[in-house]
Amino acid sequence: MPPQHILDSLVRLWRRKVTPALALALMAGVLLGVLLTAHVSRVGTIGARVLGGVLLVTLLIGALTTLVRQRRLARRPKESVERVLVPADPETGKRVLRALNLAEQTRARTDVGSHDLADLHLRRVLSRVSPKTVEGAASRRARSWHFAAMAAGLTSLVVMVIAPLRILEGYDVLMARGGRAPLAIPWLDFTRVQAQPPAYLRARDRVLFPGAVQVLPKGTVLTVRGVPKFDSRHLVLTDGKSEVPFVSDAKGGVVARWTLEESTRLMVGARFGDVLIPGPEPLELESVPDRPPVVELQFRLDQSAKARPAPARLKLADVERLELFYAASDDYGLRQVDVVLTAGDRDQRRTIDRLAGEVRSAQGGHVLLATDAFLRRMFLPVRVTVQARDTDPTEDSKWGISREIVLVPPAVGEREAARYSDLKQGRDELTRLLALRMAHEAVVNRSPKQMGQHRKEDKLAQARAATALRTAADAVHGGLRMPSGARAFILGQARVIDRAVPRGASAVRRSEDVVLAVDSVLRRMGVTDARNVSKQLGDVAEEVAVSARAVLNSEERTRSVQRLDGAVDSLKRGGKSLRQLGTLGADLGSVAKADTGRIERAIKDENWVAVELAARHLAARLRRPNPSFGSKRRGGVESGGSVGQPSGEPSTADDGFNQLAQELDSLARDHAGEISNMERALADGEKAVPMDDLTDEAKQRAEKIRKLLRDLPLSGAEPGSPRARAALGREHGSAMAQSLEQMALRDAVKSGKSAMAALRDARKRAKAAGADLQQQTLKRTEDELMPHVRWAEQQLERLRKGAEARSKQALQGGGDREQELARRAGNLGSRGLVGETALPQDMLENIQRAESLMRDAARELSAGNGKKGIEMQRKAQRWLERSTPGQTESEPQESDTGKSPTGKSSGGKGQMSTEGTVPGGDRKNRAEDFRKRVLRGLGKGSDGKLSPAVRRYAEALLR
Amino acid sequence: MKGLASRVRGLLLCGVAVAATLGVARADGIGNRSRVQRIANATTELDVNRAQKLLNEANSDSRSLAFERARLAVYLGDCQTAAAILAGPSFSGEEQAADLVELTKTCSGATAAGLVVEDKKQGVWIRLQDERDRVLVPIIVDVAVKARATMVRDLGVVMPRPLRIDLVRDLFSLAAVTGLPVTAAETTGTIAVARWGRVTMLSPRAVSHGYPWQDTLAHEVTHLALSRATRDNAPLWLQEGIAKREESRWRKPEPFDRPGRYDRIAADALRDGRSVGVDAIGASIALLPTPEAAGIAFAEVTSFMAYWIERNGVAALRLLLADLKGLARGETDQAMISVTGFPLRYWTALWKKDRLAKLKPDAPQADAEKGKKGKKPKTPTKNARQRAVDERELARRVRLGDLLHATGHAPQAATQLLRVLNVAPREPAVVARLARAHVDAGDLGLAAKLVESTDSVRSSHGAWMALHGRFLLQSRQAENADRAFRMGVAIDPLSETVACEGYWRPGGRDPAPTAGKPHLPKDPARRALCEAARSAHDL
C-alpha cells in the first residue's frame, strides 16, 4: 500500500472527527465577532467605526481561511503529518516526517539515495502509526472545538438577549454617511409637539402632528416631549445643523425646546459620537418672518386739493401747510407710528400714534407747518417719512418706512434777500419819483399844458412809489416780515409821499428826504440781515466740514458724498442770497464764493482733508461777519496812500425815527408807572378808612353764608356736570365768607359774584340734563346769597369814597402829571405827522386817542374821582402801547440774544415792564409762551405789576 | 501805518520762533545746536534750499530738527505739512512751539485747496484764495519782478526764487495765514504782512474802491529783503523807513507820489512838540496813544531814513545791513557806529536840525481847530460846525447822485453832484462820479474838463485815473493815457470803469446791440481784467 494512501486514510480519520466541531466553533466565533463589531462601532467616533469594520472583516476572512485549510489538508502530506500525526503521536509523527522528507529528497535527487528504499522506509514508519491513536487525538481536538463553539455561542446569545438594539445601532452607525445613519429608529414613545408663537403675537399654542408642512411664525418655540424608548441614549432635537439635547422633564419623560428661526425639518435623533441616528417622521416646518409694517403716504398742500401719493419733492417756500395722510398695516400688529424728519445727520422723530399692538392697520394724518421749528432751522433738504413699528420686540430697527417727501428749504438768506429786494424796489421807485420831480423843476416857464402833464406824471410816479413802499412793508417772505419798527417807519414815509406838498415847499427836497430815509433803513437792514445770514451760512459751512470728515471716515462713502454735495449746494445758494444783501452782504457773499471755490476744487481732487479745512475756515469766517477789510482806515497802511471816499451818513432819518419810537416807548412806560402810583394812592387811602364798625356784622354774615352752603354738594363730581358746578359755587361762597371775616371786601364781592354765577350755571345745566340735583335748593341758595353780596358792594363803595376823599391830594397831583403826560403824547404825535419821523396813520390815530383819554383821566383825577380816572388811564395806556413802533433795526436772530423779537428788552432799569400786547394767533409759539407766563402770574395773586397785563390778556381772550 | 505794528509783531514772532528753536534744541539735550542754528538762520534768510539740504544731511528725528522742518514748511507755504509735523505728541503743551502750532492750524484752513500759480521763468509763486483773482497774476508777477530787481539795485539783496506771495480774500484770512491776531488786524487796518518768508496781502477786491496794492507789494518785498539781509535783526525804524522808501522806487515817479510829504509831517511834529521819536516807537506803532501819533511815527522813520541815506549814501546802508546780520537784535548802535562813526542819537539829532531848518512852518494853520495849546475847545467852533454840515451835505448829495445814476437818471445825478463840487472840489471820488454822470448824460465835454489834469485832485483814485486816461486817449496822447490806466489799475483793478479804461456799461448791463460792442482794452492784462469785471457784474 503506497504511503500516500496510508496517510490519506489517517487524515480522513482526523477530519471525520475534527471538521464538524471546527465548523461549529468558527460559526460561533463569527457570531461573537459580529456582535463585538456592532458594539465597537456604536461608540460612533471615526476610530471606533474603523476598528469595528476591520474586526468584522478579519473575523470572516480568518474563519474562511481555516475552513479552506482544513479541506485541503490531505493534499499536502507534510502539513498533514504535522497537523494530524504529530499532535496524536509526537514521536512517531516526527519519525514519519523525517521519512517523508527523505522520500521527497530521493525523489528530487538521485545522489541522495534510493527512492524506493526511502519510500519503503516511509511505508514502514507509517504503518506503525495506530489509527486508534489518531482517532483519539482527533476526538480530543473535536471536543476542544466543541467547547469553544459552545462558549462563543453562549456569549453571543447572552449579548443578543441583553441588548439586541445595540447591534442594530452599531451597524447603523457603522453604515453612516456624512454623520448620519441610514436607518431611522424611533426613539420616543408618546411624542407630543407643542408650538408656542412669540408672546407679542398673542396667538394660542398649537399641537403639531407630523406629516404635513407646519406654517409657524418666526420665533415660535416648539416643545417636544416624549418617553424615551431606550435608556441611556443621548437624544437630541435637530434640524441637521444644530441640536438641542433632550432633558428630563422629571416625570419620566424628556423634553426639548426649539426656537424656530428658519424653515426646516426638525427630527428627534440619538447622538452616537459623530453619528446621529435619526428618528422617523421628521416635522416639516415653514417659518414665516414678521415682516415690517407697510406704510403708504399721501400728502396735500391745500385743503381743497386731492391728496397725492409720495414720493415727492417740494419747495419749502411753496409750502404753507403740508398735510400728511398715512395708512400703515402689519401682518401681526402695529405698535407706533412716527413722522420722521431727516436733514443731513440730524433727524427728529415725532410719535403721532401709539397703538397697543392689537390692530393690524391704522390710518391717520399729521400736519406740518412751514413755521415748524425744525423746518425753519434747516438748510439741507428735509426728508419727511412716516414710519410704523410693529410689536416685535426682538428687532428694534424693524420699522416700516413710507416713501419720502423731500422738502427743499429755501436757500439760507433767500427770504431776507427777497425782503431786501422788495424794499430796494420801493427805494428805486422813490428815486425815479425824485428824478421826475428834478426834471420837472428844471423846466423853466412851464406852460399850463406842461404843468398839467407834469402833475399827471407826478401823481402816477408818486402812487407807484407809495405802493411799492407799502408792498415792501407788508410783504411776508416764507414767514419773514419786516421788523415792526422798520415797517412803521416805511409806512410813515409812504404817508409823507402821499401827502400834498404845501405851497412854497420843495417837492424835490421832500422826495430827497424820503429817498435817503428809506435808503438808510434799507442799508441798516442789509447790514443786520447780512450779519445774521452770514452766521447761518457759517453753520452750512460747518455741515460741509462735517460731511467731508464723514466721507473720509465713513464706510458709507456714497451716502456721505451725497450729503456733502447737498451741503455744498446749500452753501452756494446761501452765498448767492447773501450777496444780494447790500454792501456787507456782497462782501461776505464774495468771501463765501471764494472759499466755496476752494471747497469745490478740493472735492474735484477728492482731497477730503482740504475740503474739511477750507470749510472750517469759511465757517469761522462767516460766524465773524465783519467786512473783509474792517478798519476805518482805507487801505494803504503799508504803502501810505489812501483812496478817499466821501464819509458820513447821508441821512439820519431812521435815527430820528428811532428817537421818536424810544420816546413813545418811554411815555408808555412812564404812563404805566403813573397808573401804578394812582392805584397805590387809592389803596393807601382805603387802608386809612376806619372799618371797625363793620367787623361784627361781616362775621355774622360770613357765618350765615357758611350755613347756607351746607346743602350744596361737595367737589369731586364729573367736571362740567351740574353737581360739579354747584360744588364750585359752594367753594366760591366759602371763599366769600372767609374774605368777609378778614374784611377783604373786594375779594368778597368777587367771590360772591362768582358763586352766584356758578350756582346759576349749575341750575341751568341741571335743567337741561334732567339731573336729580335739587334745583330748588340751588335757587334758594342763590337768592339768599345775593343780599350779602349787595351788602359787601355797598360797603366797598363806601370804602372807595372814603379812600378817594383821603387821597384827594394825591389824586390831584396825579391829575397834573397825567396832564403833562397827555401833553407829551400830543407833542410826540405831532412829531410823527411829517418828515423823517413820520408815523403810519393808524399809530398816529392811536396816539391821538390816547392823548384824549389821558386828558379825560387828568380831569377825573383832579376832581378826586380816582376810580374813574384810573379806568381812563388804563384805556389810554392800551392805546399808547399800540402806538409804540419799535426800532427800525431788523429783528436779531433768536439764537443770538435772549431779547424779545420786537427788539425791546423785557424790562428796564430794574423794573418789570407791564406793557405789551397779546400776541396774535398767527404767532402760536409766542402766544403759547405768553399764556404760560400769564398763568404763572395768575398763580401768584392778582395784585402786582403784572395785573394790568393779565387783565388785558383776559380781555383779549374774550375778544 | 499800523502795518508797522504788524512788522514789530512779526519781528517779535520771528524772535520767538528762533528762541523756540533754541529752546527746543536745549530741551533735546543734543550737541547739534550749531547745526539747528544754521538751519534756522538759513530759513530766516529765506534760503530754503540750503535749509532743506541741511535738514536732509542731519537726517534725524530730534524735536529741534522737527521744529525746524515745520518752520521750513511754513516758509514754503505748506501749512498742512507743518501742522502734521507739529501735531506730534512731543510738541503738545510745548509753550515755545504753541504759536507756530496755532499758526499752522489756522493757516491750513485758509490755504487749503488754494489755487497756486507759479511763473517759473520769472521766479514768482502766487497762491490765490479767490480763484477770480487769477486775472491779477500777470500784474502781480510784473510788480514782484521789478521790486525784486530794485532790491538788488538799492540794497544789494538778491532775493531767492521763487518769491512767494499769498493773495488772501480778507483780513480774517490774512490773520490766519500770518498769525496776526484778527482783532488787531481789524483794528489797525493791516493790509499786508511779510512774514514766514512770504508776502501775504489782501486782494484788492477786499477793499471797497481798492487800495495801492502794487506799492504795497513792493513795500512787503522790501521787508522780506531786509529780513534776508539782516537775518531779521533790523530794528523797526529801519524796516519801515526803508520799506517806505522802496515802495515806489520799483516804478517811475507818479503825480501823487509827493516825496516830501513825510518830511513835512515830521518837521511839523518836531516843531509842535508832537514828535514820537525815531528810536522811541517802542514795541509797536499800534501801542502809540493816538492814530495821529502813529502817523507821525511813520513819517519820522521815513524822513529819517531818507536823510540818513542822503548823508551816508546807499553803500553805507548796505554796509549797515551786512553788519546787522552778524549782530544781535539790540546791538543796532554798534552797527551804526561801525558804519558811520556815530551812534543813532547823533544822527537823529542831525536829522531833526536839518528838517527844522529846511522846512518852515505851514502859514495858515487853523489854530481854532486845535484850540489853545493843550486844551480842547469846549464847544465846536463855527468852522467845525460848517465842516460837519458840509460833510453831511457831501454825503447826502453823493448818495443821491449814486442812487439816481444807478436808476438811469444821469442828468439828475450830475445835478446833485454839482451842488457839492464846491464843498469838495479836489475830492477825486466826487469828481469821478460827476464825470461819469456827465458821460452817461452825453456831456462828454464837461466830463473831459473835470478829469483834465491830475493837479485838480488831491489824490489818486481808480475811476478818476481811468476817465483821465480815456479822454487822454481820445486826444491821441496814448502814452499818457496808458500811464493813467496803469495808475488806475494800481488802485482799483477790479472795477469795471478802471479795468475797461474809463468805459462801463450803464447799469452794469450790456448796451443794446445797436449801440455796438462795449469797449475792450488792447492791453492784454487790462483786457482780461475788464472781461473779469464785466462777468462779475453779470453774476
Side-chain angles (χ1 to χ4, degrees), chain A residues 427-428 431-432 434-435 438-439 442 512 515-516 519 576 579 583 587 590-591 593-595 597-602 605 607 609-618 620-621 624 626-652, chain B residues 1-3 80 108-110 112-115 129-132 169-173 176 186-192 202 205-212 215-216 219-220 244 247 256 391-392 394-396 398-400 403-404 407 409 412 415 424 427-430 458-462 491-492:
Chain A
R427 185 201 62 186
D428 289 348
T431 310
R432 289 186 191 100
L434 168 64
M438 285 178 74
E512 286 175 356
V515 167
L516 291 174
D519 182 57
K576 198 173 172 186
R579 288 199 291 279
T583 309
D587 182 28
S590 173
V591 170
K593 187 174 182 181
D595 278 351
R598 286 200 293 144
I599 289 167
E600 287 187 311
R601 200 158 42 243
D605 296 343
N607 184 351
V609 174
V611 174
E612 187 189 356
L613 286 169
R616 289 207 190 283
H617 174 82
L618 178 60
R621 169 68 180 100
R624 200 168 200 288
N626 292 347
S628 293
F629 183 67
S631 171
K632 286 179 180 175
R633 295 177 54 82
R634 290 189 160 276
V637 291
E638 288 293 307
S639 60
S642 69
V643 181
Q645 289 293 322
S647 57
E649 278 297 314
S651 170
T652 53
Chain B
M1 193 179 303
K2 304 287 180 182
Q80 285 190 54
S108 297
L115 181 68
Q129 192 181 12
D130 192 337
E131 194 175 356
R132 292 169 294 176
R169 179 59 189 77
D170 52 13
L171 277 182
F172 187 82
S173 301
E186 284 178 347
T187 309
T188 59
T190 306
I191 49 174
L202 278 187
R205 78 174 66 242
V207 184
S208 177
H209 301 289
Y211 72 98
D215 285 357
T216 300
H219 182 107
E220 299 304 327
K244 207 72 202 159
E247 73 182 20
F256 301 101
E391 272 185 12
R392 185 165 175 201
L394 180 67
R396 179 185 171 88
V398 166
R399 184 63 187 159
L400 284 170
L403 291 174
L404 285 162
T407 48
H409 301 98
Q412 288 79 8
T415 307
E427 187 57 62
V430 177
R458 67 171 184 84
S459 62
S460 184
H461 182 270
I491 299 285
D492 193 8

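A, B, ... follow the sequence lines: proteins, then strands. Residue 1 opens every chain.
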What distance do Asp492(B) atom CG and His209(B) atom NE2 have between them, rounded to the nearest 0.5 Å?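 Asp492(B) atom CG to His209(B) atom NE2 measures 7.5 Å (nearest 0.5 Å).
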Nearest 0.5 angstrom please: Leu403(B) CG to Asp428(A) CG, how far?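 Going from CG on Leu403(B) over to CG on Asp428(A), the span is 7.5 Å.
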Identify the heavy atoms of [X] and [Y] that sit nearest to each other, and give their distance.
{"X": "Ala435(A)", "Y": "Gln412(B)", "answer": "O-NE2, 3.5 Å"}
{"X": "Ala610(A)", "Y": "Ala602(A)", "answer": "CB-CB, 3.9 Å"}
{"X": "Thr190(B)", "Y": "Ala192(B)", "answer": "CG2-O, 3.5 Å"}

Donor-acceptor pair between His409(B) and Thr431(A) side chains, under 3.5 angstrom: no
If we count only N and O atoms by modelled type, under 3.5 Å, do the side chains of Arg169(B) and Ser590(A) hold a donor and an acceptor together?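 Checked: Arg169(B)/Ser590(A) side chains pair up, N/O donor to acceptor below 3.5 Å.
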Heavy-atom distances under 4.5 Å only: say whether [X] touches chain B with side chain, backbone, both or neither.
{"X": "Ala615(A)", "answer": "neither"}
{"X": "Val609(A)", "answer": "side chain"}
{"X": "Asp605(A)", "answer": "neither"}
{"X": "Thr583(A)", "answer": "neither"}
{"X": "Arg616(A)", "answer": "neither"}

Taking every non-hydrogen pair under 4.5 Å, which of [options] racks up the most with chain B?
{"options": "Leu434(A), Leu516(A), Asp587(A)", "result": "Leu516(A)"}
{"options": "Lys576(A), Arg432(A), Arg624(A), Glu612(A)", "result": "Arg624(A)"}
{"options": "Glu600(A), Arg621(A), Arg601(A), Arg598(A)", "result": "Arg598(A)"}

Could you tell me which portion of Ala110(B) (side chain, backbone, both or neither) has an atom closer than 4.5 angstrom to a non-hydrogen atom of chain A? both
Out of Thr415(B), Leu202(B), Leu400(B), which one racks up the most heavy-atom pairs below 4.5 Å with chain A? Leu400(B)
